[in-house]
Amino acid sequence: MMKVGGVLYILLGLLLWPKPGTASSLPLVMDSVIQALDELEQKVLMTEANGTASAWILSANNSSPHNSLHQHLLQKALSHTTEPDPHSLSPELQALISEVAQHDVQDGQEYGVVLAPDGSTVAVKPLLIGLEASWQGHSVTNLPSDCLATPCDAGDTLTNIGAIWPGLMDASTNASSTDVRATLPNDKAKTPTTVDRLLAVILAGDLGLTFLHGSQTRSPPGLGTEGCWNQLSAPRVFTLLDPKASRLTMAFLNGALDGALLGNHLSQVSRPWPPLSHLLREYYGAGVAGDPRFRSNFRRQNGAALTSAPTLAQQVWEALVLLQRLEPGQPQLQNMSQEELAQVATFATKEFTETFLGKEFPWPLINRHSQPAMVGCPAILPRCRWGAAPYRGNPTPLRLPLGFLYVHHTYVPAPPCTTFQRCAANMRSMQRFHQDVRHWDDIGYSFVVGSDGYVYEGRGWHWVGAHTRGHNSRGFGVAFVGNYTGSLPSDAALNTVRNVLPSCAIRAGHLEPDYKLLGHRQLVHSDCPGNALFNLLRTWPHFTEAKN
């Protein structure tokens with residue numbers, strides 16, 4: 001059977017020796033990547049003794065600090081590896097691998113990303129790095145003692161001390177202010193001596209450098225920018241919705257978190273590991289080992305339990321300090337004290353945690369006089385992702401922030417949608433009904449919540465909807481897909497509407513902090529949102545009694 005290490009070695013090694021002039025005609029979808037892995041596992045006979053070329057790939061012909069970090073943390077003696085022989089692989093497959101395994105953002109387009117079966121877009125490079133780091137053992141890398149006083153030479157080799165992930169497995173999400181202040185650097189901070197390999201390579205270094213640049217330009221970076229594919233059936237070009245987006249796009253963050261989650265999973269599985277194609281097919285499908293909770297749809301929820309905010313802030317800080325030693329000539333890091341780097345790490349972690357993971361962040365890190373608060377944003381798939389038809393006419397802008405949140409159920413479709421394909425089809429069906437039968441300009445709801453882990457953008461945050469007659473300009477209309485007269489939506493969907501979506505809206509200035517929540521039936525003659533769901537709404541904190 002094909003060894004996992006050998007597959008990674010060949011797959012990533014092809015990036016160093018691509019065949020010039022070869023173009024792939026395969027669609028940029030995760031299934032193509034899985035197909036490539038499957039073919040490698042079936043055709044190429046390698047052993048783990050051959051090692052991996054990932055450290056070469058991430059540092060070869062590139063002197064950026066990102067790749068210096070990769071070289072030192074994903075350490076494999078380069079003299080022990082040899083150039084892989086790709087002759088058994090088709091030119092089309094080689095071109096596909098070369099195309100997707102390098103991530104970049106240029107001129108408003110994002111490269112190295114693929115469309116996953118769950119509707120999300122994923123950067124392949126951080127995903128592969130997570131798998132590679134797990135194969136190498138997730139070791140903690142110790143800073144050389146001479147690096148603590150003077151910059152490391154580019155040829156120094158960091159010592160593997162054999163400790164296993166002390167920070168990543170800290171799942172505390174409600175750290176006290178005392179714990180937080182003890183965890184993060186302060187004015188008496190000592191130089192960090194360890195960097196968690198997985199977090200540092202996949203996320204911490206990029207996160208810290210991106211926000212370091214933002215702090216120097218006094219312009220916080222755009223985090224988690226979404227985009228649109230040129231077509232959904234055979235996607236090839238991915239254009240970002242914000243042409244000034246940073247490298248930390250939604251696709252990059254998705255890939256980074258997927259790499260961390262799968263790397264963590266592999267670290268707990270006895271070897272020999274299952275084929276990587278099998279693992280990815282499960283993760284981007286029905287769930288790893290048949291567990292529907294452990295799949296890409298719920299990466300944010302699982303990621304929130306993977307590490308704590310204090311631990312991640314510590315890792316970002318340590319990665320920045322290590323980069324400062326490895327790249328003494330890097331302009332962004334010159335003349336930065338450890339305390340200044342700690343401030344950048346704190347702010348970067350706060351922004352990432354709030355906007356992406358949707359968990360409670362220990363606010364005393366930022367302001368010791370403030371209180372912890374549930375913050376975050378759900379995974380919202382943009383209109384282009386579900387194939388929305390154009391708006392008819394001219395939309396009317398909302399005057400934000402709004403003071404109300406109106407809850408609906410779709411009634412028809414009646415069954416909950418549990419896959420992207422079904423939810424997207426439901427969205428298109430509802431839009432056609434609203435536009436062609438009711439003669440509205442667009443789908444009426446502001447947002448629609450599926451049971452697949454995603455929120456689907458309707459009219460969104462900025463345009464008046466057609467969801468609650470007489471009140472459309474005063475609040476957002478959010479609908480659960482399904483008929484909830486006698487049953488309830490999934491727990492994940494309920495938590496999204498009760499906690500995560502409102503917190504996101506408040507943080508962005510779209511919704512008043514003291515907003516009022518009402519069921520559709522309270523304002524319009526209707527049974528919506530169904531008896532079972534309405535009775536539950538009446539127990540929620542922001543629910544307000546009102547009569548039609």
Side-chain angles (χ1 to χ4, degrees), residues 292-293 297-298 300-301 358-360 373-380 402-419 422-423 426-427 429-430 433-434 443-456 458-459 465-506 510-548:
R293 296 168 299 178
N297 304 58
F298 300 104
R300 296 194 186 202
Q301 294 89 327
K359 60 192 285 187
E360 184 176 281
M374 179 60 70
V375 289
C377 283
I380 301 176
L402 304 185
F404 295 88
L405 191 66
Y406 308 125
V407 179
H408 303 248
H409 70 168
T410 61
Y411 189 73
V412 176
C417 63
T418 57
T419 67
R422 176 50 51 193
C423 291
N426 288 346
M427 291 294 293
S429 175
M430 286 186 286
F433 176 72
H434 289 175
I443 188 171
Y445 307 116
S446 305
F447 296 96
V448 177
V449 181
S451 294
D452 63 335
Y454 289 106
V455 176
Y456 291 78
R459 300 209 187 184
H467 44 76
T468 312
R469 181 177 298 176
H471 301 268
N472 291 316
S473 63
R474 303 182 63 194
F476 297 105
V478 179
F480 292 92
V481 175
N483 177 0
Y484 298 106
T485 301
S487 62
L488 290 173
S490 67
D491 289 342
L494 289 169
N495 181 60
T496 294
V497 177
R498 183 183 189 272
N499 296 316
V500 186
L501 186 65
S503 296
C504 176
I506 292 170
H510 302 325
L511 190 65
E512 295 282 2
D514 60 347
Y515 74 94
K516 295 177 174 60
L517 183 143
L518 296 94
H520 185 202
R521 64 172 62 182
Q522 293 175 267
L523 301 172
V524 176
H525 183 67
S526 172
D527 292 330
C528 179
N531 291 337
L533 179 55
F534 181 70
N535 288 335
L536 179 64
L537 294 182
R538 297 180 70 175
T539 68
W540 288 7
H542 286 265
F543 180 81
T544 300
E545 292 288 354
K547 294 183 179 180
N548 181 13

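Since this is a predicted model, take the numbers as computed values, not measurements.
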Subject >> Note, Pro489 side chain near Val449 side chain (heavy atom, < 4.5 Å) >> reply: no
Original post:
What's the shortest heavy-atom distance between Val481 and Pro415, and which atoms?
Top reply: CG1-O, 3.9 Å
Subject >> Short side-chain to backbone donor-acceptor contact, Arg300 and Cys377, under 3.5 Å >> reply: yes
Original post:
Looking at Ala492 and Phe298, what are the two nearest heavy atoms and their distance?
Top reply: CB-CE2, 4.0 Å
**OP:** Could you tell me the separation between the OH atom of Tyr484 and the SG atom of Cys528, rounded to the nearest 0.5 Å?
**Re:** 12.0 Å
Subject >> Enclosure of Asp491 CG (heavy-atom neighbours >12, cutoff 6.0 Å) >> reply: no
Original post:
Going through the distances and angles, do Trp540 and Leu494 end up as a side chain to side chain contact (heavy atoms under 4.5 Å, CB included)?
Top reply: CA-CA 11 Å; Trp540 288 7; Leu494 289 169; 4.0 Å; yes
Subject >> Separation between CG of Leu518 and CZ of Phe543, rounded to the nearest 0.5 Å >> reply: 6.5 Å
Subject >> Identified ring pair (Phe, Tyr, Trp, His ring centres under 6.0 Å) partner of Tyr445 from the options His467, His520, His409, His408 >> reply: His408
Original post:
How many angstroms lie between OG in Ser526 and OH in Tyr411, if you round to the nearest 0.5 Å?
Top reply: 10.0 Å
Subject >> Pairwise side-chain contact, Asn426 with Thr410, heavy-atom cut-off 4.5 Å (strictly under) >> reply: no
**OP:** Mind running side chain to side chain contact (heavy atoms under 4.5 Å, CB included) on Met430 and Val448 for me, showing each step along the way?
**Re:** CA-CA 10 Å; Met430 286 186 286; Val448 177; 4.2 Å; yes
Original post:
For Leu405 and Val497, which heavy atoms make the closest approach, and how far apart are they?
Top reply: CD2-O, 4.2 Å
**OP:** Check whether any side-chain heavy atom of Ile506 lies under 4.5 Å from a side-chain heavy atom of Tyr515, and answer yes or no.
**Re:** yes
**OP:** Identify the two heavy atoms, one from Cys423 and one from Gly450, that lie closest to each other, and give their separation to 0.1 Å.
**Re:** SG-CA, 4.2 Å
Subject >> Nearest heavy atoms of Ser473 and Leu402, plus distance in Å >> reply: O-CD2, 3.6 Å
Original post:
Say you draw a straight line from CG of Leu523 to CZ of Phe404; how long is it, rounded to the nearest 0.5 Å?
Top reply: 8.0 Å
**OP:** Decide side chain to side chain contact (heavy atoms under 4.5 Å, CB included) for Asp527 and Thr485; before the verdict, give the C-alpha distance in whole Å, the side-chain angles of both, and the deciding distance to 0.1 Å.
**Re:** CA-CA 8 Å; Asp527 292 330; Thr485 301; over 6 Å; no
Original post:
How far does CZ of Arg422 sit from OG of Ser451, to the nearest 0.5 angstrom?
Top reply: 13.0 Å
**OP:** Tell me, with the steps shown, if Tyr406 and Asn472 meet side chain to side chain contact (heavy atoms under 4.5 Å, CB included).
**Re:** CA-CA 9 Å; Tyr406 308 125; Asn472 291 316; over 6 Å; no
Original post:
Between Arg459 and Ile443, is there a donor-acceptor pair closer than 3.5 Å when you use the side chain of the first and the backbone of the second?
Top reply: yes
Subject >> Within-4.5 Å side-chain heavy-atom neighbours: Leu501 and Ile380 >> reply: yes
Subject >> For Arg538 against Glu545, the heavy-atom pair lying closest together >> reply: NH2-OE2, 3.3 Å
